[in-house]
There are 2 protein chains.
Amino acid sequence: MMTEPTPAASQPVEDGAKQRIFRAAEALVAEHGFEAISTRDIVAAAGVNIAAVNYHYGTKTKLMLDIFRTRAAELNRERTRLLRIATETQPGDARAILRALIEPPTLWISDDRRVALRFLNRARSEGPLEVRETIRTDVRHLRRFVDALAAALPALPRDELLWRFHFALGVLHHNQAADYARLAILSDDACAPDDRAALLRRLLDFIAGGFGLPPAA
Amino acid sequence: MMTEPTPAASQPVEDGAKQRIFRAAEALVAEHGFEAISTRDIVAAAGVNIAAVNYHYGTKTKLMLDIFRTRAAELNRERTRLLRIATETQPGDARAILRALIEPPTLWISDDRRVALRFLNRARSEGPLEVRETIRTDVRHLRRFVDALAAALPALPRDELLWRFHFALGVLHHNQAADYARLAILSDDACAPDDRAALLRRLLDFIAGGFGLPPAA
DNA sequence: TCCCGTATCAAACGCGTGTTTGACATGGGC
DNA sequence: GCCCATGTCAAACACGCGTTTGATACGGGA
């Protein structure tokens with residue numbers, strides 16, 4: 001008798017107005033983008049009065065910041081955990097480091113955290129200035145991966161490493177974003193991101209190949 | 001004595017109100033995004049009256065569509081030309097095909113068509129529905145590359161090929177978009193996309209590696 | 001019982017938006 | 001000289017935006 005059955009996402013189980021606003025705003029931004037939705041859209045989806053946003057969050061922008069920080073922290077925590085495991089159990093294995101970077105967002109795509117992931121991507125590209133400035137926090141987080149890769153690939157010059165890391169993030173972000181539409185059309189619906197394991201393998205193979213790593217065992 | 005000195009971009013040389021609106025809107029969207037700019041911002045930058053946008057283009061959205069179609073056609077034309085050359089002079093060379101895909105947008109980054117390129121990316125991700133729907137046109141264009149790659153890599157299953165193509169487009173788009181900022185911070189400003197030839201080589205190496213191709217000769 | 005912090009509500013405020021209007025200027029064709 | 005198509009202009013339109021207000025309800029502690 002501890003909690004409600006199961007929360008839809010990793011939000012607190014209580015379902016007060018504040019949480020409903022949080023989740024409605026996250027879902028709407030994930031689907032329609034930052035500028036396309038209004039405070040009135042949010043409160044309509046959340047089933048609360050329009051003044052509730054400002055009462056609980058002060059400002060629409062502060063609400064977005066709150067969502068962003070919550071979700072970014074969740075993602076970074078999971079990645080950091082996997083990175084620690086990788087460097088401890090498979091020291092020097094660059095592929096394992098890349099896997100720690102890639103696996104969390106890729107698995108999120110196919111469960112109920114897909115919404116959180118798409119929100120994060122929207123925020124990074126379209127979000128208000130206050131949101132985009134927190135990218136500097138992300139950089140501190142990503143540097144751990146760069147350093148781990150540098151240690152695992154001592155022969156690779158640092159600028160080459162950084163460029164390839166930059167390209168790898170491009171693949172990741174693109175994959176989290178909207179446009180499976182184009183892939184679906186190109187493939188006559190033969191390619192869909194349903195099979196999590198296969199998607200993760202393909203992503204890891206592609207990025208590891210881009211880093212010049214030999215194919216997996 | 002044929003034309004004015006040199007047009008800033010590949011627009012007609014005449015500099016009437018219509019062209020000034022075109023270029024001002026393109027530049028503003030490239031820098032600030034689709035929803036962030038208003039008709040009044042555009043006419044202020046273009047030095048024309050506010051009614052000029054609706055007089056010449058009918059609607060703000062139609063203006064954006066006009067810019068998008070113009071620039072997309074330019075990019076696709078250039079890519080198609082390179083693809084034809086590649087398949088004629090280096091038949092069966094997958095790397096040459098990828099180069100035809102990658103080279104035009106990569107070179108645009110470092111000349112005065114950077115604005116056009118960033119507009120195209122903004123449009124694809126944030127643009128109004130009418131703009132994003134023209135992605136289907138792009139798909140017809142991209143299919144030529146998929147088919148050429150399939151012919152050059154007969155051993156690669158089509159679904160694997162399509163996924164890797166999807167990933168490759170991710171790298172490309174990410175690279176055309178805003179965020180060299182993160183790379184600059186990560187590298188302490190050691191990595192900048194100034195050197196066109198080096199950027200093109202790095203991109204091509206990464207994507208060819210992702211396709212499992214051996215390093216270039 | 002009274003009180004006060006918490007929360008919700010309908011209504012409104014001021015402002016910026018995309019678009020439209022109607023007047024006015026220009027200039028080549030008859 | 002007149003006409004009409006082509007542009008340009010200041011002003012205004014209706015509307016949606018984020019935010020604020022002031023009233024009202026609830027509910028546990030003194």
Side-chain angles (χ1 to χ4, degrees), chain A residues 4 11-68 119 122-123 126-133, chain B residues 11-69 119 122-123 126-133:
Chain A
E4 301 272 335
Q11 272 298 101
V13 279
E14 347 159 17
D15 204 39
K18 191 170 183 182
Q19 278 73 29
R20 292 214 306 280
I21 291 171
F22 183 109
R23 281 200 275 265
E26 182 183 35
L28 285 172
V29 167
E31 181 163 2
H32 302 290
F34 251 85
E35 315 284 348
I37 66 159
S38 66
T39 306
R40 284 167 179 81
D41 295 331
I42 296 171
V43 299
V48 300
N49 184 271
I50 180 147
V53 168
N54 296 279
Y55 179 77
H56 288 289
Y57 289 96
T59 279
K60 189 191 174 193
T61 301
K62 284 188 197 155
L63 164 61
M64 298 305 173
L65 255 178
D66 196 82
I67 302 174
F68 180 81
F119 178 95
R122 295 275 199 187
E126 317 164 20
L129 191 63
E130 295 91 328
V131 171
R132 275 178 289 135
E133 273 176 354
Chain B
Q11 273 298 102
V13 278
E14 348 159 15
D15 205 39
K18 191 169 182 181
Q19 278 74 28
R20 291 214 307 280
I21 292 172
F22 184 108
R23 279 201 276 265
E26 182 184 35
L28 285 172
V29 167
E31 182 163 1
H32 302 290
F34 251 85
E35 315 283 348
I37 66 160
S38 67
T39 307
R40 284 167 180 81
D41 294 331
I42 296 171
V43 299
V48 301
N49 185 271
I50 178 141
V53 167
N54 295 279
Y55 179 78
H56 287 289
Y57 289 97
T59 278
K60 191 190 173 193
T61 300
K62 284 188 196 155
L63 163 62
M64 298 304 172
L65 254 178
D66 196 84
I67 301 174
F68 180 82
R69 281 205 261 255
F119 179 94
R122 296 274 200 187
E126 318 165 20
L129 190 64
E130 295 92 327
V131 171
R132 275 177 291 135
E133 274 178 352

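Rounded to an integer number of Å, the gap from CZ of A/F34 to C1' of D/dC17 is 17 Å. In this entry the distance linking CD1 of B/I50 with C1' of C/dG22 reads 16 Å, nearest Å. In this structure, B/E130 places its CD atom 14 Å from P of C/dG18, rounding to the nearest Å. Atoms NZ (B/K60) and P (C/dG18) sit 4 Å apart, rounded to a whole Å. When the P atom of D/dC9 is taken as reference, atom OH of B/Y55 falls 13 Å away, rounded to whole Å. In this structure, the CG atom of A/L63 is 16 Å from the C1' atom of D/dC17, given to the nearest Å. Atom CG in A/N54 sits roughly 5 Å away from atom P in D/dT19 (whole-Å rounding). D/dT20 atom P lies 17 Å from atom OH of A/Y57, rounded to whole Å.
No engagement by B/A52 is indicated, since no non-hydrogen atom pair under 4.0 Å with the nucleic acid exists.
Residue B/N49 places none of its side-chain N or O atoms closer than 4.0 Å to OP1 or OP2 of D/dG7. Under 4.0 angstrom from either OP1 or OP2 of C/dT8 there lies at least one side-chain N or O belonging to A/H56. The side chain of B/T59 contributes an N or O atom lying less than 4.0 Å from OP1 or OP2 of C/dT19. At D/dC17, none of the side-chain N or O atoms of A/T39 fall inside 4.0 Å of OP1 or OP2 (strictly under the cut-off).
A donor-acceptor pair under 3.5 Å is absent between the side-chain atoms of B/T59 and the main chain of B/K62, judged by distance alone. Although no hydrogens or angles enter the test, the distance criterion places no donor-acceptor pair under 3.5 Å between the side chain of A/E35 and the main chain of B/E35.
Place A/G58 and A/D41 on DNA chain D by their nearest nucleotides, and A/D41 ends up nearer the 5' end. Comparing B/I37 and A/A17 by the nucleotide of DNA chain C that holds the closest heavy atom to each, the one mapping nearer the 5' end is A/A17. Each of B/S38 and A/R40 lies near DNA chain C, and the nucleotide nearest A/R40 is the one positioned closer to the 5' end.
In this structure, B/K18 and B/Y57 have side chains that are in contact, with non-hydrogen atoms separated by less than 4.5 Å.
Of all non-hydrogen atoms in B/V48 and B/I21, the two that sit nearest each other are CG2-CG1, 3.8 Å.
Screening A/E26, A/E31, A/H32 for a side chain to side chain contact (heavy atoms under 4.5 Å, CB included) involving A/L28 leaves a single residue, A/H32.
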